[in-house]
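First up is the structure itself, then whatever we jot down about it.
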Amino acid sequence: MDNKRDLFQTLTRRFGLLNKNCCTAEGIEISTVHSHILYEIEKQHSPTMQQIADTLAIDVTTFSRQIQTLIKMQLVSKSPSLDDKRFYNLSLTAEGQKLAQSIETAMNAYLDEIFSHMNEFEQETVLRSIKLLNSAMAKSSVCCTPYL
């Protein structure tokens, strides 16, 4: 059997997850973390800061700094929750929506190009396997932190 860690190390590098910046879109260079934040804000409807921090498994203090950077870049806006003034809801600005859409288009093209090197059965097998892995990770007591 292949070395599982080696497979994941290689996959991580090939996806560029170790790169400081993941992409440049709309003339803006953006980090991998910021790309994930924009994606989740767009995906969820008017989420709170806590919801996105939890989704991305980032502590709130670190997440707050990331949001401040995105606000300064005029990509995200933060407003007090109508339900509870102690919480803030996040939304993408028009520029943030444009950037998120550009990243989405680029990522889909990237994945389409990668999958073009597989036949339909292989593509389905990979996607089914990733779903299975995601499901197992969600059930794991050590998910998202290295087990030492």
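Counting from 1, the numbers follow the sequence of the chain as shown. Below, all heavy atoms of this structure are taken into account, side chains as well, without hydrogens, waters or symmetry copies.
At least one side-chain heavy atom of F115 sits under 4.5 Å from a side-chain heavy atom of V126. The shortest side-chain heavy-atom distance between P80 and Y88 falls under the 4.5 Å cut-off.
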Side chain to side chain contact (heavy atoms under 4.5 Å, CB included) between R65 and T69: does it pass, once the steps are laid out? CA-CA 6 Å; R65 285 193 299 272; T69 300; 5.7 Å; no
Checklist entry - Which is it for D59 and T62 under the side-chain hydrogen bond (donor to acceptor under 3.5 Å, both in side chains) test, yes or no, and what are the steps along the way? => result CA-CA 6 Å; D59 73 88; T62 301; 2.8 Å; yes
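Counting non-hydrogen atoms of neighbouring residues, nucleotides and ligands closer than 6.0 angstrom, the NE2 atom of H45 reaches no more than 12 such neighbours. Within a 6.0 Å radius of CD in E113, other residues, nucleotides and ligands contribute more than 12 heavy atoms. Within 6.0 Å of atom NZ in K85, more than 12 heavy atoms from other residues, nucleotides or ligands are found, so the atom counts as buried in its surroundings.
With hydrophobic clusters built from ILVMFWY side chains whose heavy atoms lie under 4.5 angstrom apart, L90 does not share a cluster with L82.
Taken to the nearest 0.5 Å, the CD1 atom of I114 stands 11.5 Å off from the CD atom of Q123. Taking CE of M49 as the start and CZ of F87 as the end, the distance is 11.5 Å to the nearest 0.5 Å. To the nearest 0.5 Å, atoms CG (L38) and CD1 (I30) are separated by 4.5 Å. Here the CZ atom belonging to F8 is positioned 11.5 Å from the CZ atom belonging to F15, to the nearest 0.5 angstrom. Atom CD of Q66 is separated from atom NE2 of H36 by 12.0 Å, given to the nearest 0.5 angstrom. With rounding to the nearest 0.5 Å, the separation of CD1 in I37 from CZ in F63 is 4.5 Å.
Side-chain atoms of Q50 and D54 form a donor-acceptor pair, as typed in the model, at a separation below 3.5 Å. Using a 3.5 Å distance cut-off with no hydrogens or angles, the side chains of N108 and T105 do not pair a donor with an acceptor. Using modelled atom types, one finds no donor on one side chain facing an acceptor on the other under 3.5 Å when comparing Q97 with Q101.
Remark: the backbone N or O of N119 is paired with a side-chain donor or acceptor of E122 at under 3.5 angstrom. Formation of a donor-acceptor pair under 3.5 Å by the E40 side chain with backbone atoms of I52 is not found in this model. Of the possible polar contacts, one joining the S102 side chain to the K98 backbone as a donor-acceptor pair under 3.5 Å is found. Of the possible polar contacts, one joining the Q51 side chain to the T48 backbone as a donor-acceptor pair under 3.5 Å is found. A distance-only check finds no donor-acceptor pair linking the side chain of E95 to the backbone of L75 [under 3.5 Å].
Summarising the geometry of Y39 relative to E104, their closest heavy-atom pair is CE1-OE1, 3.7 Å, with the distance given to 0.1 Å. Nearest heavy atoms, Q68 versus K78: OE1-NZ, 3.5 Å. The two residues A100 and E42 come nearest to each other via the heavy atoms CB-OE1, 3.7 Å. Across all their heavy atoms, Q74 and T93 have their closest contact at O-OG1, 2.6 Å. Here the closest non-hydrogen pair linking S35 and I103 is OG-CG2, 3.7 Å.
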Please set out all donor-acceptor pairs under 3.5 angstrom arising from side-chain atoms of residues 127-136, sequence neighbours excluded.
from, atom 1, to, atom 2, distance (Å)
S129, OG, T125, O, 2.8

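Screening V76, T55, N89 for a side-chain contact (heavy atoms from CB on, under 4.5 Å) involving I41 leaves a single residue, V76.
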